[in-house]
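Note that this is a predicted model, so its numbers are computed, not measured.
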Amino acid sequence: MRSAVIHAPGDIRFETLEEPKILKPTDAIIRTAVTCVCGSDLWPYRGAEPTDSAHPMGHEYVGFVEEVGSEVTSVKPGQFVIGSFATSDNTCANCRNGFQSNCLNREFMSTCQADYVRIPNAQGTLVATDGVPDERFWPGLLAVSDVMGTGWWAAEAAEVKPGSTAVVVGDGAVGLCAVIAAKEMGAERIIAMSRHESRQKLAREFGATDIVAERGEEGVARIKEMTGGIGAESVLECVGTAQSMSQALHSTRPGGNVGFVGVPHEVALDGQELFFSHVGLRGGPAPVRRYLPDLIDRVLTGAIDPGKVFDLTLPLDQVAEGYKAMDERRAIKTLLIP
């Protein structure tokens with residue numbers, strides 16, 4: 001089969017690898033319908049995470065079941081399925097508590113920019129649709145497998161409530177999906193922090209009521225100015241840098257909450273400052289599996305359309321260009337068609 005493989009920072013190659021096989025009775029093999037490049041894939045691409053040896057890439061997927069292990073009964077060959085970037089048995093204590101992304105048997109997906117993918121923990125991870133959805137829904141369903149589910153988690157972790165004010169830090173695919181989530185949860189005012197006109201436009205289309213282009217201390221000052229001098233009830237941090245985390249914490253009012261879902265890189269928090277801020281902080285890998293049935297339904301009924309974050313579509317064999325376009329901010333998110 002064909003797959004994207006990273007060899008070094010900036011070096012993505014499209015190579016022929018062996019097709020995946022069932023390794024455990026809890027596995028399934030899917031044929032990819034569409035896949036994509038994630039903003040978090042740019043960390044190793046930019047050298048911010050080490051690449052010690054060449055390895056496949058990708059953790060977002062929808063597709064058709066080709067084969068299942070002997071213990072998989074929840075899906076069957078031929079079905080169209082969506083899963084999470086973090087696999088889960090959906091039966092352990094952490095899963096039952098709603099944190100499937102911290103399943104005791106969790107495995108993170110990492111080989112999805114390919115024709116075929118092995119899905120561990122398939123019984124608890126994959127959700128089948130009723131029949132094969134129209135292809136116009138595939139991008140939105142693909143977004144649900146990570147960025148939409150992660151944006152939803154950001155809003156839930158930040159405790160967005162009806163009538164509240166929410167601030168979204170980050171205008172990548174996750175941040176834009178977080179705007180959707182904040183709107184769906186009833187936020188009355190949604191302030192998107194973005195410097196890029198095309199992303200600002202999409203943020204407004206998704207439900208943002210205000211745009212703040214300033215960053216850092218200037219950005220915090222602008223948020224304070226817009227919120228009576230104290231900050232917002234809910235702030236959704238969707239980047240993962242030291243600056244974005246600081247910006248999020250300082251934009252939150254006492255008693256408010258930060259939902260942080262950007263994978264942290266060089267982020268360090270001052271315990272004293274956090275202690276006296278009265279700001280709540282919750283985050284981590286999104287429990288996407290918890291949200292899948294609901295978010296799939298919202299996509300298929302047209303309630304939300306997170307597939308609009310894909311503003312570049314390429315054949316899978318041009319995956320290297322997809323990375324380059326996102327790295328150079330010529331694209332928000334690249335959709336890949338096998």
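More than 12 heavy atoms of other residues, nucleotides or ligands sit less than 6.0 Å from atom CD of Glu225. Around atom CG of Asp130, no more than 12 heavy atoms belonging to other residues, nucleotides or ligands sit under 6.0 Å away. The environment of Glu18 atom CD is sparse: at most 12 non-hydrogen atoms of other residues, nucleotides or ligands sit within 6.0 angstrom. Open room surrounds CD on Glu217; 12 or fewer heavy atoms of other groups in view lie less than 6.0 Å from it. Within 6.0 Å of CD on Glu214 lie more than 12 heavy atoms contributed by other residues, nucleotides or ligands.
Of the inter-residue distances, the one linking Ser70 atom OG with Asp27 atom CG reads 10.0 Å to the nearest 0.5 angstrom. How far CZ of Arg204 is from CD1 of Ile190: 11.5 Å, rounded to the nearest 0.5 Å. Note that the OG atom of Ser145 and the CZ atom of Arg289 stand 13.0 Å from one another [nearest 0.5 Å]. From Ile6, atom CD1 reaches atom OG1 of Thr51 across 4.0 Å, with rounding to the nearest 0.5 Å. Put simply, CG on Leu314 and CG on Leu336 are 6.5 Å apart, with the number rounded to the nearest 0.5 Å. A distance of 12.5 Å separates CD1 in Ile211 from CZ in Arg199, rounded to the nearest 0.5 Å.
In terms of heavy atoms, Pro44 sits closest to Met57 at CG-CE, 3.9 Å. For the pair His59 and Ser40, the tightest heavy-atom approach, listed with the atom from each and the gap, is CE1-OG, 3.2 Å. Between Ala192 and Val179, the shortest heavy-atom distance links the atoms CB-CG2, 4.4 Å. The shortest non-hydrogen separation linking Leu316 to Pro338 is CB-CA, 3.8 Å. Listed here is the closest heavy atom pair of Cys177 and Val147: CB-O, 3.5 Å. Among all heavy-atom pairs drawn from Gly175 and Val168, the shortest one is O-CG1, 3.4 Å.
Under 4.0 Å is where a charged nitrogen must lie from a carboxylate oxygen, and between Arg46 and Asp327 at least one such pair does. Lys161 and Glu159 are joined by a salt bridge, as a carboxylate oxygen and a charged side-chain nitrogen come within less than 4.0 angstrom of each other. Ion pair Lys324/Glu321 not flagged as a salt bridge, since none of the NZ, NE, NH1 or NH2 atoms sits closer than 4.0 Å to an Asp/Glu carboxylate oxygen. Between Lys333 and Asp311, no side-chain nitrogen of the basic residue sits less than 4.0 Å from a carboxylate oxygen of the acidic one, so the salt-bridge criterion is not met. Using a 4.0 Å cut-off between charged side-chain N and carboxylate O, Glu188 and Lys183 make no salt bridge.
A tilted orientation is assigned to the rings of Tyr323 and Tyr45, their planes being inclined by 30° to 60°.
Distance alone, capped at 3.5 Å, is enough to place a donor-acceptor pair between the Asn97 side chain and the Ala93 backbone. Checking side-chain atoms of Thr125 against main-chain N and O of Ser88 turns up a donor-acceptor pair under 3.5 Å. The backbone N or O of Thr87 lies less than 3.5 Å from no partner atom in the side chain of Arg106, so there is not a single donor-acceptor pair. Although no hydrogens or angles enter the test, the distance criterion places a donor-acceptor pair under 3.5 Å between the side chain of Trp153 and the main chain of Gly284. Remark: side-chain polar atoms of Glu233 are paired, donor with acceptor, to backbone N or O of Thr165 under 3.5 angstrom. Side chain of Ser3 to main chain of Pro56: no donor-acceptor pair is present (N/O by atom type, distance under 3.5 Å, no hydrogens or angles). Although no hydrogens or angles enter the test, the distance criterion places a donor-acceptor pair under 3.5 Å between the side chain of Gln123 and the main chain of Ser74. Judged purely by atom type and a 3.5 angstrom limit, Asp270 uses its side chain to pair as donor or acceptor with the backbone of Glu273. Within the 3.5 Å criterion, the main-chain N or O of Lys76 finds a donor-acceptor partner in the side chain of Gln79. Put simply, the side chain of His196 never gets that close to the backbone of Ser194: no donor and acceptor are under 3.5 Å apart.
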Determine whether Trp152 and Asp294 satisfy the following criterion, side-chain contact (heavy atoms from CB on, under 4.5 Å), listing intermediate values before the conclusion. CA-CA 11 Å; Trp152 198 269; Asp294 177 44; 4.1 Å; yes
Pair Val65-Val68, side-chain contact (heavy atoms from CB on, under 4.5 Å): steps then yes or no: CA-CA 8 Å; Val65 178; Val68 297; 3.6 Å; yes
Walk me through it: do Arg298 and Glu184 pass the test salt bridge (charged side-chain N to carboxylate O under 4.0 Å, His left out)? CA-CA 10 Å; Arg298 289 176 193 253; Glu184 290 292 296; 2.6 Å; yes
If you apply the rule side-chain contact (heavy atoms from CB on, under 4.5 Å), what do you find for Ile223 with Ile191, and how did you get there? CA-CA 8 Å; Ile223 296 297; Ile191 305 169; 3.7 Å; yes
Between Glu19 and Arg2, is the salt bridge (charged side-chain N to carboxylate O under 4.0 Å, His left out) condition met? List the steps. CA-CA 9 Å; Glu19 287 189 12; Arg2 308 168 306 160; over 6 Å; no
Test side-chain contact (heavy atoms from CB on, under 4.5 Å) on Thr227 and Arg253; report intermediate values, then the result. CA-CA 9 Å; Thr227 55; Arg253 76 179 191 187; over 6 Å; no
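Using modelled atom types and a 3.5 Å distance limit, the side chains of Thr150 and Asp146 yield a donor-acceptor pair. Residues Asp89 and Gln100 have side chains that never bring a donor and an acceptor to within less than 3.5 angstrom of each other. Of the N and O atoms on the side chains of Gln113 and Tyr61, not one donor lies less than 3.5 Å from an acceptor on the other residue. A donor-acceptor contact under 3.5 angstrom links the side chains of Glu237 and Ser244, judged on distance only. Using modelled atom types and a 3.5 Å distance limit, the side chains of Thr35 and Thr32 yield no donor-acceptor pair. No hydrogens or angles considered: a donor-acceptor pair under 3.5 Å links the side chains of Ser246 and His250.
Residues Val127 and Ile296 have side chains in contact (heavy-atom distance under 4.5 Å, counting atoms from C-beta outward). Contact of the Leu126 side chain with the Val72 side chain is not registered, since no non-hydrogen atoms from C-beta on lie closer than 4.5 Å. Within the 4.5 Å cutoff, side-chain heavy atoms of Val235 are placed close to those of Val169. Residues Leu249 and Leu269 form a side-chain contact, since some pair of their non-hydrogen atoms from C-beta on lies under 4.5 Å apart. Proximity of Asn105 to Asn121: side-chain heavy atoms (C-beta onward) are separated by under 4.5 Å at one or more points. Looking only at side-chain heavy atoms (C-beta outward), Phe260 and Val239 stay at 4.5 Å or farther from each other. Side chains of His55 and Val5 form no contact here, defined as non-hydrogen atoms less than 4.5 Å apart. Looking at heavy atoms from C-beta onward, Thr334 lies out of side-chain contact with Cys36 at the 4.5 angstrom threshold.
If you chain together hydrophobic residues whose side chains sit under 4.5 Å apart, Leu292 and Val174 fall into the same group. Taking hydrophobic clusters as Ile, Leu, Val, Met, Phe, Trp and Tyr residues chained together by side-chain heavy-atom distances below 4.5 Å, Ile332 shares a cluster with Met148. Hydrophobic clustering (ILVMFWY, side-chain heavy atoms < 4.5 Å, transitive): Leu236 and Val144 are in one cluster.
Both tests hold for Arg290 against Phe99: distance to the six-membered ring centre under 6.0 Å, angle to the ring axis within 45°.
When ring centroids are compared, Trp138 and Phe80 come within the 6.0 Å threshold.
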